[in-house]
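Computed from a predicted structure; not experimentally measured. Counting convention: from 1, in listed order, for ligands and their atoms alike.
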Amino acid sequence: MSTLQEMAEAVINGNAGKVKEFAEKALTEGIAPQTIINEGLIAGMNVIGVRFKNNEVYVPEVLIAARAMHAGMDVVKPLLTDSEVRDKGTILIGTVKGDLHDIGKNLVRMMLEGAGYKVVDVGVDVSPEKFVEAVAEHKPQIVGLSALLTTTMTNMRTTIEALKSSHVRVMIGGAPVTQKFADEIGADAYAADAATAVEKANQLLAS
Ligand code: B1M
């Protein structure tokens, strides 16, 4: 097995120590940082994403794999130029106003990072005004909104309205959110889970 394949396996197994070791070994072998990310770290997270979607692994395994992926990222990230980091695109993500739930949002963030996106996480209880300010500052291609309460999902509508003049694509998700609701409020995409969020982000950027 090549170092990159071993690294991907270590990500899948959630072994942060091994991932760090293989990332360092790959660098000494002269493998480019971007290749290490794409063919080692992201390759491993892609496998986890598919298994999560098929209910073959659950939230804890995804979080452990994401932590292992981050251990590898920490080794190679300082060697990347700014343009390489931004290569695939920037996604700004947050939980809407009045809502403090962030476990699902964090999972979506980690999967997007695992898929090669630069993700700006603006946290929880984020007002429409704060989203607009953050979009002006970070200039993402996509904004991701998360909501877990039926009382706060209505704030997705006001956030989308506030973002209209910013011309960004908006993806929404969270337990009470549906495709029907996404269509009603004019969201560009809806994702039921973190793996689908990656697929939808890829589709939005390709369209
Ligand atoms: Co809260 N809570 N909670 N809670 N909580 C729920 C959501 C609830 C369904 C529980 C229940 O009553 N059965 C209920 C909502 C009822 C409703 O509105 N229909 C509820 C309630 C009522 C409340 C409070 C009002 C309780 C109270 O204080 N009386 C309060 C509200 C606080 C607030 O936000 N203002 C509250 C508080 C809390 C805690 C702080 C204790 C804690 C949150 C901790 C945290 O997040 N840091 C909490 C928790 C943990 C839950 C449950 C148990 C679990 C949520 C979770 O993390 N799921 C939840 C019950 C449940 O769902 N079984 C519940 C795991 C997570 C991986 O899934 O977030 O759905 P999920 O994310 C998924 C997808 O939805 C999707 O991908 C993720 C991964 O697959 N997804 C996206 C999510 N965001 C996405 C964004 C995307 C795309 C996909 O694109 C951008």
Quiz item: In terms of hydrophobic clusters joined by side-chain contacts under 4.5 Å, are V126 and I91 together?
Solution: no
Quiz item: So, the side chain of K53 versus the backbone of T196: is there a donor-acceptor pair under 3.5 Å, distance only?
Solution: no
Determine all donor-acceptor pairs shorter than 3.5 Å in which one atom belongs to a side chain in residues 92-109; sequence neighbours excluded.
from	atom 1	to	atom 2	distance (Å)
T95	OG1	H101	O	3.0
D99	OD1	H101	N	3.0
D99	OD1	H101	ND1	2.8
D99	OD2	L148	N	2.8
D99	OD2	L149	N	3.3
D99	OD2	T152	OG1	2.7
K105	NZ	D121	OD1	3.0
K105	NZ	D121	OD2	2.8
N106	ND2	D102	O	3.1
R109	NH1	D121	OD2	2.7

Exercise. List for me each residue that meets side chain to side chain donor-acceptor pair (under 3.5 Å) alongside E24, sequence neighbours excluded, and say none if there are none.
Key: K20
Quiz item: Tell me, which residues have any heavy atom less than 4.0 Å from some atom of ligand 1?
Solution: F52, V59, G98, D99, L100, H101, D102, I103, G104, L107, V108, G144, L145, S146, L148, L149, T150, M171, I172, G173, G174, A175, A191, A192, D193, A194
Exercise. Please collect all side chain to side chain donor-acceptor pair (under 3.5 Å) contacts where either partner lies in residues 154-170, sequence neighbours excluded, each pair once.
Key: R169-S207
Self-check item: Option passing side-chain contact (heavy atoms from CB on, under 4.5 Å) with M45 (candidates V198, L112, V11)
Solution: V11
